[in-house]
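Right, one structure below, let's go through it.
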Amino acid sequence: MLGAYKYEHSIPDHMIIDLEERPYVKHRKDGESAYRLGKWTDAVKHFEAALKEYYKEDELCRAHCDLGHRSTSSGLTQILVDGISAVLQCQQGCADTLTHLYGQTYPNYLTDHYLYLQDVYVKTNDNVNALEAATTYLTFKPEDQQVTQYRNNLLKKLQTSDSELTPGQDAARYIETRKRMTDLLDELLGSEHQKSKYYKEGGDGETQDNSEEIQSRKPEPDTSNDIDFSSRLENARLFNTTQILNNLFKTLSADVALTGETLKHDKRVVMDNLFTKEVCDDVMRISQNGIKNAGYHEIYPTAVRPNFAKELFTGFDILDCWELVLGKQLKESDVDLLTRLAEQVRHLVVRWFNETRPIYHDYTQFTCRKALDGKQTNRTSEDLSHPVHGDSCDFKPDQGVCATETAAYPWRTYSAVLYFNDNFEGGKFFFANPDQSEQVSIVPKCGRMVAFPSDHLHGVKAVTKGKRCAATIWFTASANRRRALPTWSGIVK
Ligand SMILES: O=C(O)CCC(=O)C(=O)O
Ligand SMILES: [Fe+2]
């Protein structure tokens with residue numbers, strides 16, 4: 001937002017003092033400016049200071065993950081396991097929190113930092129520190145061929161053996177801490193935890209302990225000259241205002257189609273043309289390949305959701321993406337598409353609801369409901385595809401109330417549903433009264449989104465022919481409930 005204001009009113013950087021700017025961000029920014037001006041000694045100073053501050057901030061962030069978690073389990077051991085794993089999961093999220101800046105996610109924040117460092121050290125003729133920076137970089141990303149070669153050149157110059165190499169002290173401690181957290185979580189949560197572990201390791205490769213790997217890697221013989229990192233560092237640049245603005249405006253384009261008056265509540269909105277037919281076709285294809293039963297089947301037994309005998313639910317949640325890419329059911333670019341969509345919607349939601357608090361992703365899932373042939377006779381208007389419910393409260397139809405105390409997801413703040421097709425019958429979304437009657441209904445179509453506060457009652461009418469595909473995206477204002485989204489390009493770049 002700050003970027004947008006600066007742009008709209010042509011305000012130069014030096015006229016704005018950001019009182020909330022954290023020291024690790026300020027030093028990184030100053031380091032980047034010095035780098036661009038060729039002031040290598042200043043750049044070294046700022047990049048080193050930025051790193052120190054970053055690790056300090058990471059410790060602070062982890063310290064803020066307290067034991068406030070409310071366990072719904074019974075039995076002391078389970079309550080303890082729930083509490084400790086909630087703290088650890090919150091702590092694991094710190095890397096994502098610290099590298100979410102100016103509305104963007106920088107999955108390579110830390111590794112790019114070491115890339116900068118090694119380059120500025122070489123430029124100040126300090127090969128020893130350049131070597132340490134390259135070694136630290138490779139501890140995070142051992143698969144990087146270019147940096148490996150670069151480190152080997154330095155090794156040769158300094159006539160050092162790679163068995164003497166160790167990463168920087170702060171980085172080593174950081175990696176060790178994260179490894180211990182992951183191991184403990186593995187023990188506490190077992191295979192359930194694997195999903196988030198996949199994601200974390202991919203995020204920046206930062207949770208992986210690669211020390212063994214690095215020790216067993218021998219430098220390849222190499223006679224080439226020094227490698228030029230300038231183009232990689234240009235891409236690593238964080239505070240590129242033009243890029244931020246382009247992304248901001250590109251992602252926010254949408255038409256507000258229906259608002260309060262029609263929708264019976266001023267906080268509800270329907271927006272159209274959020275994305276193109278091409279995107280819809282892509283998502284339909286992805287959902288086609290996709291995979292598992294949607295979570296609904298597992299959550300609700302058929303007795304509670306009788307329509308499971310009449311409609312087939314398929315889909316996946318966004319955290320399944322890793323498994324699906326590894327299983328070749330999704331392409332890497334699909335993951336980026338889904339992530340971009342979810343992030344686009346987060347921006348729209350923040351703007352629409354005039355939020356001044358940070359709003360985070362909680363959970364995103366893609367779900368298709370397919371009418372089963374031969375099971376559609378005698379479906380009444382009460383026979384819904386999705387019964388009336390609130391997303392953040394526990395709707396009790398007999399009492400007509402939606403209770404927060406007993407809700408499964410009381411932290412959800414806003415809900416958004418995206419639609420990708422209209423070639424089916426039935427399947428209207430509707431807002432409901434506490435007696436379950438319809439207030440107003442919305443017909444799904446490609447590019448359409450409905451967004452509303454999560455405690456508003458709503459449901460989905462029976463899908464009686466064809467397949468209806470949608471994405472449900474839930475947001476939270478609770479930082480410790482935040483779940484970051486996977487990106488693929490962030491890793492392979
Ligand atoms: O698919 C829809 O239109 C809404 C789905 C929904 O309300 C939910 O999954 O909680
Ligand atoms: Fe819902």
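Whatever order the structure lists ligands and atoms in, that order sets their numbers, starting from 1.
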Can you tell me how far apart CD (Q78) and CG (L188) are? Round to the nearest 0.5 Å. 9.5 Å

For ligand 1, which atoms sit closer than 4.0 Å to a heavy atom of H458? 7 (O)

Establish, for the pair K56 and Y24, whether the NZ or CZ atom is under 6.0 angstrom from the six-membered ring centre and no further than 45 degrees off its axis. no

Can D144 and Y137 be counted as having a side-chain donor-acceptor contact under 3.5 angstrom? yes

Which ligand 1 atoms does T472 reach within 4.0 Å, using its non-hydrogen atoms? 8 (C), 9 (O)

What do you reckon, does W474 put a non-hydrogen atom under 4.0 Å from ligand 1? yes

Relative to ligand 1, is R369 under 4.0 angstrom through side chain, backbone, both or neither, heavy atoms considered? side chain

Geometric cation-pi criterion, R28 with Y109: 6.0 Å, 45°: yes

Distance under 4.0 Å to a non-hydrogen atom of V460: what atoms of ligand 1 satisfy this? 1 (O), 2 (C), 3 (O), 4 (C)

Please lay out, stage by stage, how R448 and D422 fare under the test salt bridge (Lys or Arg N to Asp or Glu O under 4.0 Å). CA-CA 10 Å; R448 173 162 275 191; D422 59 7; over 6 Å; no

At a 4.0 Å threshold, what atoms of ligand 1 neighbour a non-hydrogen atom of Y419? 2 (C), 3 (O)

Are any side-chain N or O atoms of Q365 and backbone N or O atoms of T472, one a donor and one an acceptor, separated by less than 3.5 Å? no

When you look for heavy atoms under 4.0 Å from ligand 1, do you find them on the side chain of T367, its backbone, both, or neither? neither

Just one of F475, F431, Y414, F430 clears the ring pair (Phe, Tyr, Trp, His ring centres under 6.0 Å) bar with F452, so which one? F431

Heteroatom N/O/S of H458 within less than 2.8 Å of the Fe ion (ligand 2): yes

Can you find a non-hydrogen atom of Q365 under 4.0 Å from ligand 1? no

D391, N/O/S atom nearest the Fe ion (ligand 2): OD1

